[in-house]
Amino acid sequence: MYLAVIPFYRQYCVDELYRRLGSSLRLYAGSEHTDPTVRTGIGHADYRLVKNRFLLGRRLLLQTGCWKDVLRAETAVLDLNPRSLSTWVLTAARKALGRRTLLWGHLYPRKGRAAGTGWLRRGLRRMGSGTILYGYGTVAAALEDLPDSPVWVAPNALYPREILQAADDRAADPQASDHSSTDGRSATTGVGRSMRERLTYVGRLTGAKKVELLVRGHAASQASRAGSRLTIVGDGDQRQQLEDVADRSGCRDSVEFLGWITDVDALRKIYADSFTAASPGYAGLSLTQSLGFGVPVLVAKDEPHSPEIELDRFGGVEYFESDNVDALAAAIDVAWSRRGEIDPGSLSRDVIALYSAEAMAAGIVDALNEEPLQTRADGWPAWLT
């Protein structure tokens, strides 16, 4: 697998791939992507570092190093990214050599199927031997675009099933009493449980994520005056600007900037005290995380969301009008008023089944082994109701 980067949140998937494939798996990656906030973060022993070079103001990527290894491989997995010049060269070269190449990534740019650069991705796919997609919802479109090109799904996941469990209030408050139903399962209403207080954002602090809108929405909400606090997990070039906005908005005392947190137990405690999470810009992998921990998410309606937005079919996603502070504040207040009704187990169940690190690794392994994809016509697993 020759990839631009392998971020830290891929570690569990990488571990599962090595467990299943052993020494037949070889990973190559550069240190950072065209967006310098996206960096490789898995264990140094798990991959071989190659050189990422950037052209045209970091709009294009050329990776160099270990090309002979890629050309000799029985099957190579490359990024489905038309900005990667090395993907074009290596895919074309392997096609000329008659070797199998799989393209892994998003089927379309964030602007969707009608984006002006969509034809570039289709061109890459035509040269390749098949496509590994990040989500189930784009399978039908992929097959419609190229009916003779096989498709697999490696759902964009973070954690293994044993870790990706609903975070209930007891994770936030160890002293909370065990309000369980008679069959031993957690109670599904908020009766008797501690009331959650956090409005949570996890992700990069960059312009595209529109975290400033969230700070302003929090400041304008009734919930912020009733005791809620905004917890921001992550970092980026806008952190100082966001702290200044919180100061000017008069809500600095109820906004906490925690930086990056990768410890799962620490994150679970944050989510266990969250009445909702929020994606004020485009939504992506954070949906998998929030819903996987059993926390609903506020999502801007008209944004170029990543494929993970398909998770809205399982509930727990509430939309608000994009770029509208008042609409976001109102959505925060509704979520605050319903915080006693959160049923973490119900929200997380389908995410655990479909978006685990094991499911992601299994999709890649199936593609490597040329196992046929078993889905319904709409691309979702046949067993899904």
Side-chain angles (χ1 to χ4, degrees), residues 37 167 169 172-173 190 194-261 266-267 269-287 289-291 293-305 309 312 316-342:
T37 65
D169 301 80
D173 181 7
S194 59
M195 295 297 253
R196 300 173 177 225
E197 296 182 343
R198 294 183 192 264
L199 163 64
T200 298
Y201 171 84
V202 179
R204 291 176 290 129
L205 307 186
T206 61
K209 292 294 189 176
K210 300 186 179 181
V211 187
E212 180 176 335
L213 181 74
L214 180 58
V215 175
R216 295 185 185 280
H218 165 71
S221 70
Q222 293 294 326
S224 68
R225 291 180 282 281
S228 77
R229 63 187 187 276
L230 172 58
T231 298
I232 296 175
V233 179
D235 215 333
D237 57 14
Q238 288 201 336
R239 175 164 177 168
Q240 185 58 56
Q241 175 183 332
L242 293 169
E243 293 187 14
D244 293 342
V245 169
D247 285 333
R248 294 195 301 272
S249 299
C251 64
R252 185 64 183 87
D253 290 344
S254 63
V255 181
E256 53 187 352
F257 293 85
L258 303 184
W260 285 115
I261 297 177
L267 283 169
K269 289 178 180 178
I270 291 171
Y271 278 108
D273 190 33
S274 298
F275 64 93
T276 190
S279 286
Y282 75 89
L285 197 55
S286 63
L287 277 177
Q289 185 176 68
S290 301
L291 296 175
F293 282 128
V295 175
V297 191
L298 303 179
V299 175
K301 186 181 300 181
D302 299 312
E303 292 287 344
H305 299 303
I309 197 65
D312 66 357
V317 175
E318 297 292 337
Y319 290 98
F320 65 91
E321 184 180 345
S322 299
D323 299 314
N324 188 318
V325 171
D326 293 336
L328 176 52
I332 291 169
D333 287 337
V334 170
W336 174 260
S337 70
R338 296 175 176 172
R339 66 194 189 278
E341 303 169 13
I342 295 173

For this session: State whether the side chain of Y201 and the backbone N or O of R204 hold a donor-acceptor pair below 3.5 Å, judged by distance alone.
Result: yes
For this session: Could you go through the side-chain contact (heavy atoms from CB on, under 4.5 Å) check for L267 and Q289 one step at a time?
Result: CA-CA 10 Å; L267 283 169; Q289 185 176 68; 3.8 Å; yes
Exercise. Going by atom types only, do R229 and S254 share a side-chain donor-acceptor pair under 3.5 Å?
Worked result: no
Exercise. Does the side chain of F257 come within less than 4.5 Å of L242's, by heavy atoms?
Worked result: yes
Problem set entry | CZ-CD distance between R225 and Q222, expressed to the nearest 0.5 angstrom | 4.5 Å
Seminar exercise, completed: From the list D312, L287, T200, side chain to side chain contact (heavy atoms under 4.5 Å, CB included) partner of V297 resolves to L287
For this session: Could you tell me the separation between the CD atom of E321 and the CG atom of L328, rounded to the nearest 0.5 Å?
Result: 11.0 Å
Exercise. Does some side-chain heavy atom of D237 sit less than 4.5 Å from a side-chain heavy atom of L205?
Worked result: no
Exercise. With side chains defined as the heavy atoms from C-beta onward, is the minimum distance between V295 and I342 less than 4.5 Å?
Worked result: no
Exercise. Are the charged groups of R339 and D273 less than 4.0 angstrom apart, N to O?
Worked result: no
For this session: Decide yes or no on side-chain contact (heavy atoms from CB on, under 4.5 Å) for S279 and S286, but give the supporting numbers first.
Result: CA-CA 8 Å; S279 286; S286 63; 3.4 Å; yes
Exercise. Taking side chain as C-beta onward, heavy atoms only, is V317 less than 4.5 Å from P296?
Worked result: no
For this session: With rounding to the nearest 0.5 Å, note down the distance linking CG in L214 to CG in L298.
Result: 8.5 Å
Exercise. So which heavy atom on S224 is nearest to which on A219, and how close?
Worked result: OG-O, 3.7 Å
Exercise. Testing R248, Q240, Q241 for side chain to side chain donor-acceptor pair (under 3.5 Å) with D244, which one passes?
Worked result: Q240
Exercise. Roughly how far, to the nearest 0.5 Å, is the OG atom of S221 from the CG atom of L199?
Worked result: 7.5 Å
Problem set entry | The single option from R198, H218, R196, E197 passing side chain to side chain contact (heavy atoms under 4.5 Å, CB included) against S228 | H218
Exercise. Looking only at heavy atoms, what is the nearest atom pair of F320 and A331, with distance?
Worked result: CB-CB, 4.1 Å
Seminar exercise, completed: Sequence neighbours excluded, the answer for salt bridge (Lys or Arg N to Asp or Glu O under 4.0 Å) partners of E318 is none
Exercise. R239: what forms a salt bridge (Lys or Arg N to Asp or Glu O under 4.0 Å) with it, not counting sequence neighbours?
Worked result: D235, E243
Problem set entry | Closest approach of I261 to A266 (non-hydrogen atoms, all atoms of both residues) | CG2-CB, 3.8 Å
For this session: For the residue pair L258 and T231, establish whether any side-chain heavy-atom pair is separated by less than 4.5 Å.
Result: yes
Exercise. Would you call I332 and F275 a side-chain contact if the rule is heavy atoms closer than 4.5 Å?
Worked result: yes
Exercise. So, do V215 and I232 sit near enough that their side-chain heavy atoms are less than 4.5 Å apart?
Worked result: yes
For this session: Using modelled atom types only, decide if a donor and an acceptor are shared between the side chain of H305 and the backbone of Y282 within a distance under 3.5 Å.
Result: no
Problem set entry | Pairs touching residues 209-219 that satisfy salt bridge (Lys or Arg N to Asp or Glu O under 4.0 Å), sequence neighbours left out | K210-E303, K210-D323, E212-R216
Exercise. Would you say the side chain of V202 lies within less than 4.5 Å of the side chain of Y271, judging by non-hydrogen atoms?
Worked result: yes
Exercise. Hey, is the main chain of A223 close enough, under 3.5 Å, to the side chain of D333 for a donor-acceptor pair?
Worked result: yes
Exercise. Between G316 and L291, what is the shortest heavy-atom contact and its length?
Worked result: O-CD2, 3.9 Å
Exercise. Do you know the tightest heavy-atom contact between A220 and V325?
Worked result: CB-CG1, 4.2 Å
